[in-house]
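All of these numbers come straight from a predicted model, not from anything done at the bench. Heavy atoms only: backbone and side chains are in, while hydrogens, waters and symmetry mates are out.
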Amino acid sequence: QLHLVESGGGLVQPGGSLRLSCAASGSTLDYYAVAWWRQAPGKEREGISCISSDDGETRYTDSVKGRFIISRDNAKNTVYLQMNSLKPEDTAVYYCAAPPQAHCSHYFFPYEYDYWGQGTQVTVSS
């Protein structure tokens with residue numbers, strides 16, 4: 001059973017950076033794609049980035065493309081999300097999640113993801 005734990009959230013000023021980590025236990029991430037999602041107050045959960053385990057392909061939603069970078073370290077069983085040029089609208093609880101497959105789907109559908117972390121709060125404010 002795959003268990004995911006996010007860390008690295010916090011309060012940052014607009015224009016600042018944060019790096020989120022998603023540490024896995026219970027199973028190796030070698031066989032799983034991993035995606036980052038976020039949910040702002042009063043809004044639906046939004047898939048923002050995904051990295052495949054089979055070929056390393058990455059996907060980004062338009063709202064974070066060019067600012068966020070997803071990466072993985074299979075030796076550490078961890079996936080990262082480097083967030084740069086943060087904006088107040090990036091404020092949300094950030095989750096990592098894994099579907100039961102090695103390649104990211106083209107679209108982000110929550111029902112495709114079997115494993116979720118508990119989330120970490122990111123607040124962008126001056």
Side-chain angles (χ1 to χ4, degrees):
Q1 181 78 3
L2 187 63
H3 184 59
L4 303 174
V5 177
E6 303 94 338
S7 61
L11 173 64
V12 63
Q13 292 187 343
S17 297
L18 279 176
R19 189 178 79 156
L20 305 183
S21 299
C22 172
S25 61
S27 181
T28 175
L29 282 179
D30 291 359
Y31 308 114
Y32 297 92
V34 176
W36 285 97
W37 293 70
R38 66 185 181 186
Q39 187 166 21
K43 295 189 176 181
E44 292 188 357
R45 193 168 295 193
E46 172 192 25
I48 58 173
S49 184
C50 186
I51 185 166
S52 299
S53 64
D54 51 358
D55 61 3
E57 181 182 4
T58 57
R59 296 188 182 274
Y60 300 92
T61 192
D62 287 346
S63 61
V64 306
K65 197 174 296 182
R67 299 188 299 124
F68 291 10
I69 301 170
I70 191 171
S71 62
R72 63 193 301 151
D73 185 337
N74 286 350
K76 294 183 177 180
N77 223 23
T78 300
V79 170
Y80 304 97
L81 185 68
Q82 177 67 41
M83 305 187 296
N84 302 318
S85 302
L86 283 162
K87 306 174 182 180
E89 51 263 44
D90 294 318
T91 295
V93 178
Y94 283 71
Y95 301 88
C96 62
Q101 62 194 47
H103 201 80
C104 298
S105 298
H106 187 73
Y107 299 105
F108 291 96
F109 294 120
Y111 62 79
E112 292 185 342
Y113 290 78
D114 287 352
Y115 308 103
W116 293 82
Q118 83 291 347
T120 185
Q121 176 70 47
V122 172
T123 303
V124 184
S125 175
S126 55

*Residue pair F68, L86: steps toward the side chain to side chain contact (heavy atoms under 4.5 Å, CB included) verdict*: CA-CA 9 Å; F68 291 10; L86 283 162; 3.8 Å; yes
*asked:* Run L20 and V79 through side chain to side chain contact (heavy atoms under 4.5 Å, CB included) and show every step you take.
replied: CA-CA 8 Å; L20 305 183; V79 170; over 6 Å; no
*asked:* As a quick check of understanding, evaluate side chain to side chain contact (heavy atoms under 4.5 Å, CB included) for Q101 and Y31, giving each step before the final call.
replied: CA-CA 7 Å; Q101 62 194 47; Y31 308 114; over 6 Å; no
*Where do I48 and Y94 land on the side chain to side chain contact (heavy atoms under 4.5 Å, CB included) test, with the steps shown first?*
CA-CA 10 Å; I48 58 173; Y94 283 71; 3.6 Å; yes
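T28 has its side chain out of reach of N74: every pair of non-hydrogen atoms, C-beta onward, lies at least 4.5 Å apart. Inter-residue side-chain proximity for R19 and L81 is flagged as unmet; no heavy-atom pair is nearer than 4.5 Å. Using a 4.5 Å heavy-atom threshold, the side chains of Q118 and V5 count as touching.
Taking Ile, Leu, Val, Met, Phe, Trp and Tyr as hydrophobic and joining them when side-chain heavy atoms fall under 4.5 Å apart, one finds L11 isolated, its cluster having no other members.
The cluster map of Ile, Leu, Val, Met, Phe, Trp and Tyr, joined by side-chain heavy atoms under 4.5 Å apart, puts M83 and V12 in the same cluster. Cluster annotation: F108 is not connected to V64 through the hydrophobic network of ILVMFWY side chains, with a link wherever side-chain heavy atoms come within less than 4.5 Å. By the rule that hydrophobic residues join a cluster once side-chain heavy atoms approach within less than 4.5 Å of another member, W36 and V122 end up as members of one cluster.
Looking at residues two or more places apart in sequence or on another chain, you find a side chain to side chain donor-acceptor pair (under 3.5 Å) between D54 and H103. For K65, the salt bridge (charged side-chain N to carboxylate O under 4.0 Å, His left out) partners two or more places apart in sequence, or in a different chain, are D62. Residues passing the ring-ring contact (aromatic ring centres under 6.0 Å, His included) test with Y32, sequence neighbours excluded: Y115. Qualifying side chain to side chain contact (heavy atoms under 4.5 Å, CB included) partners for A97, counting only residues two or more places apart in sequence or in other chains: W37, Y113, W116. Residues that satisfy the side chain to side chain contact (heavy atoms under 4.5 Å, CB included) test with T78, not counting sequence neighbours, are S21, A23, K76, Y80. Scored by the side chain to side chain donor-acceptor pair (under 3.5 Å) test, T123 finds Q121 as partners (sequence neighbours excluded). Looking at residues two or more places apart in sequence or on another chain, you find a salt bridge (charged side-chain N to carboxylate O under 4.0 Å, His left out) between R59 and E57. Judged as a side chain to side chain contact (heavy atoms under 4.5 Å, CB included), and not counting sequence neighbours, the contacts of F109 are Y107, Y111, E112. Under the rule for a side chain to side chain contact (heavy atoms under 4.5 Å, CB included), the partners of S85 that lie at least two apart in sequence or sit in another chain are R67.
Note on residues 20-39: pairs passing salt bridge (Lys or Arg N to Asp or Glu O under 4.0 Å), not counting sequence neighbours, are R38-E46, R38-D90. Among pairs with a residue in residues 41-95, those fulfilling disulfide bond (SG atoms under 2.5 Å apart) read C50-C104, at least two apart in sequence or across chains.
The number of heavy atoms from other shown groups lying within 6.0 Å of CD (E44) does not exceed 12.
Interatomic distance, OG of S25 versus CG of L2, reported as 7.5 Å (0.5 Å rounding). Here the CG-CG distance, from N77 to L4, works out to 9.0 Å after rounding to the nearest 0.5 Å.
Scanning all heavy atoms of the two residues, the minimum distance from N84 to S17 falls at OD1-OG, 3.0 Å. For the residue pair T120 and G8, the shortest heavy atom distance occurs at OG1-N, 4.3 Å. Residues C22 and V34 approach most closely at SG-CG1, 4.5 Å, considering heavy atoms. Between P99 and A33, the closest heavy-atom pair is CD-O, 3.0 Å. The two residues A92 and A40 come nearest to each other via the heavy atoms CB-N, 3.8 Å.
No side-chain donor-acceptor contact under 3.5 Å links T58 to the backbone of I51. Using a distance-only test at 3.5 Å, with no hydrogens or angles considered, a donor-acceptor pair links the side chain of R72 to the main chain of L29. In terms of modelled atom types and a separation under 3.5 Å, the side chain of Q82 and the main chain of I69 share no donor-acceptor contact.
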